[in-house]
There are 2 protein chains.
Amino acid sequence: MTDPTTTTPDRRPGGRTARVRAQVLDAVCAELAENGHEGLTMEGVATRAGVHRTTVYRRWRDVGGLLVDVIDAAGEIDWQPPDTGSLRGDLTALNQQIQESLVVQPSLAVALMAASFHSEQAARAQTRLWADRYAQCEILVERAVERGELPAQRTDARSLLIAATAPLYHQLVLLRADPDPHLPERAAETAVLAAAAGAFSVRRRREESM
Amino acid sequence: MTDPTTTTPDRRPGGRTARVRAQVLDAVCAELAENGHEGLTMEGVATRAGVHRTTVYRRWRDVGGLLVDVIDAAGEIDWQPPDTGSLRGDLTALNQQIQESLVVQPSLAVALMAASFHSEQAARAQTRLWADRYAQCEILVERAVERGELPAQRTDARSLLIAATAPLYHQLVLLRADPDPHLPERAAETAVLAAAAGAFSVRRRREESM
DNA sequence: GGCCTAGAGCGACAACTGTCGCGTTAAGAT
DNA sequence: ATCTTAACGCGACAGTTGTCGCTCTAGGCC
C-alpha cells in the first residue's frame, strides 16, 4: 500500500493531521475575508475550524505562522501572466488583475499585506511570493523585445514591471484612493512610453551621475 | 494673565493636561522607534510616559487614537518640497527624502504606515497627511511648466508625482527590497521621460480606448 | 487667597490570551 | 489485527488587556 522506498519514521502528515490543516487554513481565509486582518485571532480561527485552541497554537505558534502557511499555499496555485499580443495590452491586463484583487471586498490580498506587517515570517513569505510573480512576468518584456516593441538593447524587465504596477499599489493600498477604472491602462501606458524613451535600458545602469 | 476675551467654560486644555499629552505623544514615538509598531502597546506608552493606564485609555481610547494624534502632529510641522532648478532634480531630491525616511532604522514612517492598517482612524489621518504632501508637491510640476521643461499643454501633476514616487514605496515598503541608492534618481528620471512623451498630458484623460 | 470641577490617579474587576501537563485518538508500520 | 507514538483534545493556569467607580489633584476663575 505505502511506498516501501519512502520510510516515514517520524512525521505523520496524512489523515487527520492533513484534515486539521485544511480546516484551519480555510478558517483563516474565511476570518480574514469576514473580519479583516484585524479580526484574525487564534481563538476565532480555532473555533471556526472546529479545532481546539491548543492545536492551533502548537502547529502554527501565532497569527504570523498562520499567514505564512496561507501565503505559501497561495504561491502554489499556478498563475500565468497575461498574453494579449502587445506589451501595453499585457501590462494593462496585469494591472487590471491587480486592481481587481485589491478592490474586491473583502480583499484577501490587502488583508495579507496588512497582516504581513505583523510578523517577520509572514513578511518574508509575502516577499518570496511577490518575487516569484515578478520573475514570472519578465516574460512579458521578453516577448515585447521579440516582437520588436522594445529596442533589442536589453531592457531592465523588473524595473519596467515595477514602474507599471507600483502606482496601483500606491494609490489603492497606501494612499487608499478610490479605484480609478482607467488607472490600470494609464499606468501601463506610462510605463510603455517610458520604456520607449529608454528609461529602462540596461546601459543606463552605468552611473551617469546627476 | 489669561486672555479675557476667550472664555473657557468647559474644556481645560492647559497645564497638566497639555503636559500629559506631550509626555504621551513623546512616549508613542519613542516606543514606535524602539520596538516598532508591533511593540506599541497602551500599557507600554503609559508606563514610559509616567502616566496611569486609565488616563491613556480615556483620552485616546486605543492604539489607533494615539497614532492619529501622532500623525496629525507630524502634519503640523511645515515641510517644503525641494527646489533644485529642474524637474528631474526636484523629483530626485524628493525621492531621496522619501527613501531616507523609509530606510532609516527605526523608520517612524514605516511604523506609521504599518500601524495605520490597525485602525480606520489612523488610516484616514495618514491619507490626509499624504494628500497634503502630494498637493504641496504639485508646485514642482507647475515650476517645470513655467521653465518650459514640460509642454504648456497641461500635465496631470498628481499622476506624474505618483509615477515618480510610487516605485520607492513599492520596493521598500511592500516588496521589502534592499534599498538601491540609484533608485530615487532612476524613478525620477523615468517619470520625467514619460512626461516628456506625453504620458500625463490631460488631453489623454479623454478616453482613447485601448 | 478660596471655590469649582475637568481631568488624572488608583485599585478592583471581568474578559481574553497564551502555556502546560496529561489523557485520548488514530496514522503508519509490522 | 496489533502496536507505537505523533498529533489532537481537554481543563487548569498565570499573565495581559480593557473597563469601571471612586478619590484626589490642580487649572481656571472669582
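These numbers come from the heavy atoms of this one structure, side chains and all, not from hydrogens, waters or symmetry mates. Since the structure is predicted, the reported quantities are computational estimates derived from the model, not experimental observations. Proteins come first, then strands; the chains are lettered A, B, ... in the order of their sequence lines, and each starts at number 1.
- Atoms CD and NE2, from A/Glu189 and A/His182 in turn, are 12.0 Å apart once rounded to the nearest 0.5 Å.
- Nearest nucleotide to the A/Arg58 side chain, out of C/dG18, C/dC22, D/dT17: C/dC22.
- To the nearest 0.5 angstrom, A/Leu140 atom CG is 15.5 Å from A/Arg88 atom CZ.
- Rounded to a whole Å, the OH atom of B/Tyr57 is 16 Å from the P atom of C/dA8.
- For the pair A/His52 NE2 and C/dT24 C1', the interatomic distance rounds to 13 Å; values are reported in whole Å.
- The side chain of B/Thr55 approaches C/dG9 more closely than any other nucleotide in the set D/dC8, C/dG9, D/dG18.
- Distance, A/Trp60 CH2 to C/dT19 P: 15 Å, rounded to whole Å.
- A cation-pi arrangement is not found for A/Arg176 relative to A/Tyr169, the charged atom failing to lie both closer than 6.0 Å to the ring centre and inside a 45° cone about the ring normal.
- Whole-Å rounding puts the A/Arg19 CZ to C/dA27 P distance at 7 Å.
- Among the protein residues, A/Thr54 comes within range of the nucleic acid bases, having at least one heavy atom under 4.0 Å from a base atom.
- When each of A/Arg61 and B/Arg53 is assigned the nucleotide of DNA chain C with its nearest heavy atom, B/Arg53 is the one assigned upstream, toward the 5' end.
- One can place CZ of A/Arg21 at 20 Å from C1' of C/dA26, the figure rounded to the nearest angstrom.
- Taking atom CZ of B/Arg59 as the reference point, atom C1' of D/dG18 lies 18 Å away to the nearest angstrom.
- For A/Thr41 and C/dT17, the shortest distance from a side-chain N or O to OP1 or OP2 is below 4.0 Å.
- When each of D/dG18, D/dC8, C/dG18 is scored by its nearest atom to the side-chain atoms of B/Met42, the top-ranked nucleotide is D/dG18.
- To the nearest 0.5 angstrom, A/Gln96 atom CD is 10.5 Å from A/Leu183 atom CG.
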